[in-house]
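Report on the structure given below.
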There are 2 protein chains.
Amino acid sequence: MKNTIKVERAKQNMTQADLAEKAKVSRQTINAIELGKFTPSTILALKMARIFNTTVEQIFFLEDGDE
Amino acid sequence: MKNTIKVERAKQNMTQADLAEKAKVSRQTINAIELGKFTPSTILALKMARIFNTTVEQIFFLEDGDE
DNA sequence: TCTTTATGTAAAGTATACTTTACTTTTGAG
DNA sequence: CTCAAAAGTAAAGTATACTTTACATAAAGA
């Protein structure tokens, strides 16, 4: 799965730490998700979408390899 | 988190087993998610949205308790 | 250069998503 | 009522999301 978290953060001028705080997860969790190291829960995806004033589908994209 | 999976399945006249097969997870996984026993991954949420021709936000809803 | 801020990374531990097998209960058609 | 399909449940195991602590690196400004 791909994501546009970095871009959305840039739009809002927000650091990984800022986003982590707003979403109530650790900064490392945001970093890992942003780098595609793992897939967030749907709760976290929904929270990010809400924080960025957008939708889950505009942040996260299925790829061919996604089982 | 709440969800409307049962309703979406009904619209498409689809059993839990049907949905499980399309999403490539077990039937028990669908059952547990539908009953709110756990939160799916974002990949699974995106797949369900795609299967139901709708969006993640129309299937899954954050609640007050959601950390 | 020195310092600060943001990002990346790593390892160990905990919580939880998901699987498999198998059984029970509910529901609806006939 | 009966039978079959659908849904619910449970337990044990595996995979992975997420935390905490800690350190490394890069960029930018004083």
Side-chain angles (χ1 to χ4, degrees):
Chain A
M1 196 178 59
K2 281 186 185 169
N3 72 78
T4 58
I5 296 171
K6 193 168 184 173
V7 173
E8 295 299 326
R9 279 198 305 106
K11 284 185 193 169
Q12 312 268 342
N13 211 38
M14 197 180 288
T15 67
Q16 290 180 349
D18 291 336
L19 178 54
E21 192 182 0
K22 291 203 176 194
K24 293 188 182 171
V25 291
S26 70
R27 181 182 66 81
Q28 287 76 354
T29 293
I30 297 296
N31 183 258
I33 292 168
E34 191 166 309
L35 297 179
K37 297 201 174 172
F38 58 71
T39 301
S41 71
T42 298
I43 288 181
L44 184 46
L46 285 169
K47 284 166 122 186
M48 287 187 182
R50 176 178 290 184
I51 290 165
F52 292 143
N53 294 308
T54 185
T55 64
V56 172
E57 275 84 354
Q58 286 190 333
I59 306 177
F60 298 98
F61 303 89
L62 287 176
E63 292 180 291
D64 283 356
D66 293 329
E67 290 286 300
Chain B
M1 195 179 58
K2 283 185 183 170
N3 72 79
T4 58
I5 297 171
K6 193 169 184 173
V7 172
E8 296 299 327
R9 279 198 304 106
K11 285 185 191 169
Q12 312 267 343
N13 210 39
M14 198 179 285
T15 67
Q16 290 181 348
D18 291 337
L19 177 54
E21 192 181 358
K22 291 203 177 196
K24 293 188 182 169
V25 292
S26 71
R27 182 182 66 80
Q28 285 78 352
T29 292
I30 297 296
N31 183 258
I33 292 169
E34 191 166 311
L35 297 179
K37 296 200 175 173
F38 57 71
T39 301
S41 70
T42 298
I43 288 180
L44 184 46
L46 285 169
K47 283 165 124 187
M48 286 186 181
R50 177 179 288 184
I51 290 166
F52 291 142
N53 295 307
T54 184
T55 64
V56 172
E57 275 84 356
Q58 288 190 330
I59 306 178
F60 297 98
F61 303 90
L62 288 176
E63 291 180 292
D64 282 355
D66 292 329
E67 291 287 299

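Basis for what follows: all heavy atoms, side chains included, without hydrogens, waters or symmetry-related copies. By convention in this document, chain letters (A, B, ...) are assigned in the order of the sequence lines, proteins followed by strands, and residues within each chain are numbered from 1.
- Note: A:Lys11 NZ to A:Glu8 CD = 4.0 Å, rounded to the nearest 0.5 Å.
- Between the P atom of D:dC18 and the CD atom of A:Glu34 lies a distance of 15 Å, rounded to the nearest Å.
- Nucleotide D:dA15 holds its C1' atom 15 Å from the CG atom of B:Leu44, rounded to whole Å.
- For D:dG8, the OP1/OP2 oxygens have no side-chain nitrogen or oxygen of B:Arg27 closer than 4.0 Å.
- Between B:Lys47 atom NZ and C:dC18 atom C1' there is a gap of 12 Å when expressed in whole angstrom units.
- Considering NZ of B:Lys2 and CG of B:Asp66, their distance stands at 10.5 Å, rounded to 0.5 Å.
- Protein atom CG of A:Asp66 is 19 Å distant from nucleotide atom P of D:dA15, rounded to whole Å.
- Between B:Lys37 and D:dT9, a side-chain N or O to OP1/OP2 separation shorter than 4.0 Å is present.
- Close to C:dT16, at under 4.0 Å from its OP1 or OP2, lies no side-chain N or O of A:Ser41.
- For A:Leu35, whose side chain is taken as the heavy atoms from C-beta onward, the closest listed nucleotide among D:dG8, C:dT9, D:dC18 is C:dT9.
- For A:Leu19 and C:dT7, the CG to P distance is 10 Å, given to the nearest whole Å.
- Among the heavy atoms of the strands lying under 4.0 Å from B:Thr15 are primed sugar atoms or P, OP1, OP2 only; no base atom is included.
- In this structure, B:Gln12 places its CD atom where more than 12 heavy-atom neighbours from other residues, nucleotides or ligands lie under 6.0 Å away.
- If you take CE of B:Met48 and C1' of C:dA17, they are 12 Å apart, rounded to a whole angstrom.
- Contact check, B:Ser26 against C:dT19: a side-chain N or O comes under 4.0 Å of OP1 or OP2.
- Rounded to whole Å, the distance from CZ on B:Phe38 to P on D:dG8 is 14 Å.
- Note on B:Gln28: every side-chain N or O is 4.0 Å or more away from OP1 and OP2 of D:dT9.
- If you take NZ of A:Lys24 and P of D:dC18, they are 16 Å apart, rounded to a whole angstrom.
- Under the 4.5 Å side-chain heavy-atom criterion for ILVMFWY residues, no single connected hydrophobic cluster contains both B:Val56 and A:Phe61.
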(request) Please step through side chain to side chain contact (heavy atoms under 4.5 Å, CB included) for the pair A:Thr4 and A:Phe60, ending with a clear verdict. (result) CA-CA 7 Å; A:Thr4 58; A:Phe60 298 98; over 6 Å; no
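- Between C:dT7 and A:Asn31, no contact under 4.0 Å exists linking OP1 or OP2 to a side-chain N or O.
- The terminal axes of the helix from C:dT1-D:dA30 to C:dG30-D:dC1, fitted over 5 pairs per end, subtend an angle of 50° to the nearest 10°.
- Taken from OG1 in A:Thr42 to CG in A:Leu46, the straight-line distance is 6.5 Å, to the nearest 0.5 Å.
- Side-chain proximity of A:Thr29 to C:dA17, C:dT19, D:dT19: nearest is D:dT19.
- Using a 4.0 Å cut-off between a side-chain N of Lys or Arg and a carboxylate O of Asp or Glu, A:Glu34 and A:Arg9 qualify as a salt bridge.
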